[in-house]
Structure formats: C-alpha cells, structure tokens
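Source: prediction; values computed, not measured. Lettering of chains follows the sequences in order, A, B, ..., and the numbering in each one begins at 1.
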There are 2 protein chains.
Amino acid sequence: MRGKVGPATMREVAERAGVALTTVSRAFSNPDKLSPDTLRRIADASAELQYTVNLSARSLRKRSSGMLLVLLPDIGNPFFSLVLKGIEEGAREGGRVLLIGDTGSDATLADAYAGQLDAGTVDGMILIDGRVPFPHGSPARARLMRAPVVALSEHVDDPSIPFVGIDNRAAGRDVAHLLADLGHRRLGHIAGPAANGLTTLREQGFAEGARERGCDLLGTATGDWSIGSGQAAAADILSWPHRPTAIFAANDEMAIGAVHALAAAGVSVPGELSVVGFDDIDFAAVGSPALTTIRQPRFAMGRAAVEAVTARIEGRTTAEPARILPFERVMRASTGPLGSGQTAAGRG
Amino acid sequence: MRGKVGPATMREVAERAGVALTTVSRAFSNPDKLSPDTLRRIADASAELQYTVNLSARSLRKRSSGMLLVLLPDIGNPFFSLVLKGIEEGAREGGRVLLIGDTGSDATLADAYAGQLDAGTVDGMILIDGRVPFPHGSPARARLMRAPVVALSEHVDDPSIPFVGIDNRAAGRDVAHLLADLGHRRLGHIAGPAANGLTTLREQGFAEGARERGCDLLGTATGDWSIGSGQAAAADILSWPHRPTAIFAANDEMAIGAVHALAAAGVSVPGELSVVGFDDIDFAAVGSPALTTIRQPRFAMGRAAVEAVTARIEGRTTAEPARILPFERVMRASTGPLGSGQTAAGRG
DNA sequence: TTGTACGCGTTATCAG
DNA sequence: CTGATAACGCGTACAA
C-alpha cells in the first residue's frame, strides 16, 4: 500500500502514455523521429507525472553529463561575477549547467574537483585560476589534456591548453604609456601575489612601458588583490624615500584600497598622486575619485570561454590556441597631469 | 590493439589489486571494515591507475549525488560572494560540491534547475532568490517540500521551508532609529524592486521605525539593487519638493550610487544629506565617505544554510523553522548629526 | 515509426 | 573480513 516516493521514471511515463520505454527516451533526445501523436501523448504523460530525466543515469550511459566545471580561486572576487554571468549564459544556451569550484588557490582541492572531469561527471572545464590540475606527467594530467579544457583570464603553464583573455602585458605597458603621456616620470606599482601569472605579466608590461618612455619605476609593493592589501601597499609606498607621482595597482580593488589609504593620509588623488587600477569592476566608476583603469571585457571573456570548450566538446575543431580579446583604457578622475595639484591644497 | 580511453573503473582496480570488485567499492565507502593489507593494495592500485570513482554511477545507485544546488538571482551581486564562500566551505566539509544556478529571477529557469533536485541529481537546495520553484499545488512542488530545501537571506512564500537570515524588518527599524538619534526628522528611502520580499520588509521596518520616533518619511524612490539605480534614485530625491536630510538605501550598491550622484550634484554627504546602506559589502568601508550601513553576517549565513540542509539530508531533525542571525549597525562617515554640515561648505 | 535486449559503473544484499 | 549478484534509470544497436 505504500506509494512510490521518488520522481517518475521513463518506464512510468511509457506505461501511462501506452508506448515503449525506448520511445519515451527518444522523445527526449530525437523528438523529430517520432509521430506527432506519440510525442503528444508522451508530453502529456510526462507533464502529469512531472517527469524529469534522471541526469545521473543519462550521464552514466552517455558518458557525459551536461555540466561544465569552472575552477576559480575566489568566488568572492567581483572580477569574476560578470565573467561567470557570461559563462552561465553561454552554458545555458548550450543546454549545459555550471558546477563551480572555488579552489581558494589550493592545489589539492582543485585536483579533487578536476577528478570529476576525469570521471566523466562533467563535460568540460574552464580554468580561471591559472593552474592545470594534476602533476605534470601524471596519467590524470595526460587524460585531462585530451579533454575539453580552456584557460580563462590567466594563462596556465601548459601551452596546449587554449587561452581566452586579454594581453595583460600589453595592458601593463599601456598603463605606463598613459601615465607617461600625462607627464609622470616617477612611477610606483602595486602588484598582485608573487606566484601569479597575471601579476608577472602586468608588472613586466608596466616596467617595459616605463622604460620605453624613460620613466623611473621606483619600486613595487606587493598585495594579494584585496582592498586591504591595497591600503597597506599605499602606506608602504608613502614611506619610500622617493615618492612616485603615479602608481599602477594591478587590480581595481587594490587601487580602491590605495586611494582610500591615500585620502586617509591626506594625500590628494590625483592632485599629488595619480592612481590607475585594472579590470573596471562596477565600483571603479563610482569611487571618489572615480578610477582610471583598464577595462577587461569580462562578460565577453566568459562567453568566449564557453564557446571554446563547447566547440571542443562537440568536436568542432575551432582549436585556436588562444583567443585574445581587446582591453580598453577608461580615463576617469583618479589620474591627472603631473603637477596639477601640487600647487594648491585642492580645488574645492 | 587500441588501448582503453576513459578513466579506470573499479573492476580494473580490483583486478590489479587482486581483489573482488565489491572490495574496492567498500574501500571507498567503509574503509574501516577492510584489512589494512587489502586496503593498502587497493590504495596502490588506485593510485597507479589514477582511479576516480564515477560519480554518475554512484549517484545513480545511491540516489544521491553529493551535490548541493544553490539558486540565486544574480551571481554578479557582491552580496552573494561571501555568502557563497560560506556555503562552499560548509559543503566541502560535508564532502559535497556546489551546483550554482543563476536564475536571473526567471521562474522557468529556476524550475529547470530545481528539476535536478527532483531527479535526485542533487541532494539538497538552497534558495537565495526568494521563490520556491514549481507552481503551488503541483506534484513537483509537493515532492520538493519533502526534500532538503532551505531559504537563505530572503523568505519564500511557503512557511514550511526553513529560513536562514536576519530580521530585515527589525533592521529597517534600526536604521530609522539610528537616523532619528542623529536628529534627523525628514527621511527618504531608496527601495529595492517592488515585488521583492526584502524590499517590503526593509521598507516596512523603516517606515515603522520612523513613525515610532515621530519622523516624516517623505517618500520612496525605487531602484533595482544596482549602483546605477541608486544614482537615478538620488537624482529623483533631489527633485522632491521637500528634501529629506537623511536617506536609507536598501542595499549598499544603491547607497554607493546615491552618494556618487549626490557628490556629482554638489550635495555634501553627510553635511547636507546623510546616507545609510545595507549589507556592508567590502566596498562600503572604502568609499568616500565610507558608508554607514547594516552588516549582515554573510559568511555565517552561508554556513548556517548548508548546516540546515545538511542536517535535513542526513536525517538529523534540526528542523528549526528559522534561524535568525543578528545584524549589526556599522557607523561610518556617510551619516552625521542633523545640521552638522549645513553651516559651512565643508570641514577641509 | 516503434519495440527488445543489453550494458554504463556503482552500491546493497546476502552468503561464505 | 570478503565475494557473487542484482538492481539503479537510461541510451542505443538491432530487429520488427
């Protein structure tokens, strides 16, 4: 007498619709090959039973799950929000769903997540944390390399994995040029964490651009992308024997933290010190002063990344090794020409 | 001659380790019940083959997947970042993984995601978008109600679903009291989208608190939680015939937008107008002026929510109908006593 | 166009 | 403590 508990199965739908199990299965994969009448009966039966395909079973059978795994270092970083929206939208259009792994930059954890790909639980993987799971040379790594994987935003050390993102080095150079064009000659940098690929590229580019324009890169303070680390870095910079007239923070959060610390220390921005950020997150536009920054096409990056994995999943050979998207200068109020503000205490 | 392609299976591990398939299975679920020697051989074999359990198969068999589904309206909203971190951490500790569904507040989409729960693809669900999937009274809804589901941050219309979050009405009242204590009597409000439960609660609470202290709530401008909508709302408020001396924005982003628009319009904050936000996102602390706001314990909320679903999943009857966490006033520079700034142009 | 039969990789049950 | 065997729900040759 006890009724069934779980959701309906195909067999139940089949019985109710008066067709064979197979037919129901086909109704969900190859609807075109069924007679309209049969299809309708199945649709009705499914609706009445509120039937949903069991994804575990389908996935076991098809060796594919309709899931995309996204590995990122910190879901709390607002930079990722729009990127994820782009990925989400693209995945949805492709009928796939997102599994998000926040690795906290922990390799063991990342490997654990990646095991899902290896186990066939997910169809493809987007790496936003700059690291390829599994030790180089291991069988698991080898298998990973044959799977649909793309690196987003940050390069990974394996060149055979397609990359989607901007040219970070060029962007770093551009910041130096921008500052040089404003007349600045003494530059400072707030870098991201040392081991990070983005940190390196932006810093190298910045140094290169400075050199090209005959500017002095007075020094580099190291942060960890967070607002707080930007504040600390700014305090550090203020203690340097030779103070720069402009600083470039490798992301907006550190730039915002720096601006805040500078204001607290009574240093006017951009009057005494110009500040440039990176990413153009939403809050960059509404700070005071609003932040000059480099805009990354975050949403488009997300879309491009899904497109790339999807292509590989479906066997389309769009195997471009890299998809470099354009970045963009966004000039706002946190930068000004050299000496603009040194004269007076401020301009009201 | 063609080698196998996919990852190793239990059978292969079993063969290599010289044990039965069943034994390998047990090694991964009940390791305690195996002899150390057997366990070791299986461990070795697994390592050599880089074996990973196939989660689809396990999930099919166990009718549970080790996944938690999180439904949220907008992954781009920084409020969710820390909440998600809390959920993530809790899920991980429980050996579970996160499936994140960004519904964009779209009911159809939410239902599609929720179907996964129904199909047993996910073990539990955390609703952060204030809506229970599936029409009231439908079989699917009925099944959902028996599944481990909790509402986080925003109440849902079904009282039988446990809630985790703060008392938003009380928080709204508190803001009014806070402002009244500073001497303000003419208040304005920037509300969230009309259909939203959070909007209603905070607005009602604010109105209530204002009434209690004999303040006039001059009007309410409606936003959509975004920075831009806060800017627009502020512009609107400036056009009111009677201008308030303090406004409460229902979240920090709108508050930040408002402060920005106010500054652009030459209105000093808090000199001429005090502004209070809600949530205490990271950026609230580093704006200029830094934002007075109500802090929600975002991380703890996430943790509490996983704890609640996990309890239900594991059959522990911690079936509290609600888990109300404390909010906290955070006084910063965007509020000041009435009239503090009306006298002079500013205080250097 | 529709139905039959088998297997995907695991876990649970029951013996040994 | 260990092993054989039967499902779990679905997709896909193959046959009709």
Participant: For DNA chain D, whose closest nucleotide is more 5', that of B:Ser35 or that of B:Lys62?
Facilitator: B:Ser35

Participant: Do B:Thr22 and C:dT11 have a side chain to base donor-acceptor pair shorter than 3.5 Å?
Facilitator: no

Participant: Within the structure shown, what part of the strands sits under 4.0 Å from B:Ser29 by heavy-atom distance: base, sugar-phosphate, or nothing?
Facilitator: nothing

Participant: Decide, yes or no, whether a salt bridge links B:Arg16 with B:Glu12 under the criterion of side-chain N to carboxylate O below 4.0 Å.
Facilitator: no

Participant: For A:Val19, report the nucleic acid contact type (base, sugar-phosphate, nothing); a contact means any heavy atom under 4.0 Å.
Facilitator: sugar-phosphate

Participant: Between the side chain of B:Arg92 and the main-chain N/O of B:Val97, is any donor-acceptor distance below 3.5 Å?
Facilitator: no

Participant: Do the side-chain N or O atoms of A:Thr38 get closer than 4.0 angstrom to the phosphate oxygens (OP1, OP2) of C:dT2?
Facilitator: yes

Participant: Round to a whole Å and report the spacing from CG of A:Asn30 to C1' of C:dT1.
Facilitator: 13 Å

Participant: Answer with base, sugar-phosphate or nothing: what part of the nucleic acid does B:Leu34 contact at a heavy-atom distance below 4.0 Å?
Facilitator: sugar-phosphate

Participant: Can you check the B:Met10 CE to C:dC8 P distance for me, whole Å?
Facilitator: 15 Å

Participant: Which nucleotide wins on minimum distance to the side chain of B:Leu21, given the candidates D:dC10, C:dT13, C:dT10?
Facilitator: C:dT10

Participant: Starting at NZ of B:Lys33 and ending at C1' of C:dT13, how long is that distance when rounded to a whole Å?
Facilitator: 14 Å

Participant: Counting just side-chain N and O atoms, does A:Tyr51 come under 4.0 Å of either OP1 or OP2 of D:dG9?
Facilitator: no

Participant: Any idea which heavy atoms bring B:Ser153 and B:Ile128 closest together, and the distance?
Facilitator: CB-CG2, 4.0 Å

Participant: Expressed as a whole number of angstroms, how long is the span from A:Phe28:CZ to D:dG9:P?
Facilitator: 15 Å

Participant: What is the distance, rounded to the nearest whole Å, between atom CZ of A:Arg58 and atom C1' of C:dG9?
Facilitator: 18 Å

Participant: B:Met125 and side-chain contact (heavy atoms from CB on, under 4.5 Å): which single residue from B:Val150, B:Leu68, B:Leu69 fits?
Facilitator: B:Leu69

Participant: Any side-chain heavy atom of B:Ser46 sitting closer than 4.5 Å to one from B:Ile42?
Facilitator: yes

Participant: Considering just the side-chain nitrogens and oxygens of A:Ser25, establish if one lies under 4.0 Å of OP1 or OP2 belonging to D:dG11.
Facilitator: yes

Participant: Could you check whether the side chain of B:Arg61 and the base of D:dA7 have a donor-acceptor pair of N or O atoms closer than 3.5 Å, going by distance alone?
Facilitator: yes

Participant: Taking salt bridge (Lys or Arg N to Asp or Glu O under 4.0 Å) as the criterion, tell me which of A:Asp158, A:Asp111, A:Asp157 meets it with A:Arg131.
Facilitator: A:Asp111

Participant: Does a distance-only test, which skips hydrogens and angles, find a donor-acceptor pair under 3.5 Å between the side chain of B:Arg63 and the base of D:dG9?
Facilitator: no

Participant: So if I take every side-chain heavy atom of A:Ala57 and compare against D:dG9, C:dT1, C:dT13, which nucleotide ends up nearest?
Facilitator: D:dG9

Participant: Go through D:dG11, C:dG3, C:dT10 for me and flag the one nearest to the A:Ala20 side chain.
Facilitator: C:dG3

Participant: Just the rounded figure in Å: distance from C1' of C:dT2 to CZ of A:Arg41.
Facilitator: 11 Å

Participant: Between D:dC8 atom C1' and B:Leu55 atom CG, what is the distance in whole Å?
Facilitator: 15 Å

Participant: To the nearest Å, give me how far apart CZ (A:Arg26) and P (D:dA13) are.
Facilitator: 11 Å

Participant: When all nucleic acid strands are considered with a 4.0 Å heavy-atom cut-off, which category describes B:Arg11: base, sugar-phosphate, or nothing?
Facilitator: nothing

Participant: Could you check which of C:dT10, D:dT2, D:dG11 has an atom nearest any side-chain atom of B:Thr9?
Facilitator: C:dT10

Participant: When you get a sec, tell me which of D:dT2, C:dT10, C:dG9 is the closest nucleotide to the side chain of B:Leu60?
Facilitator: C:dG9

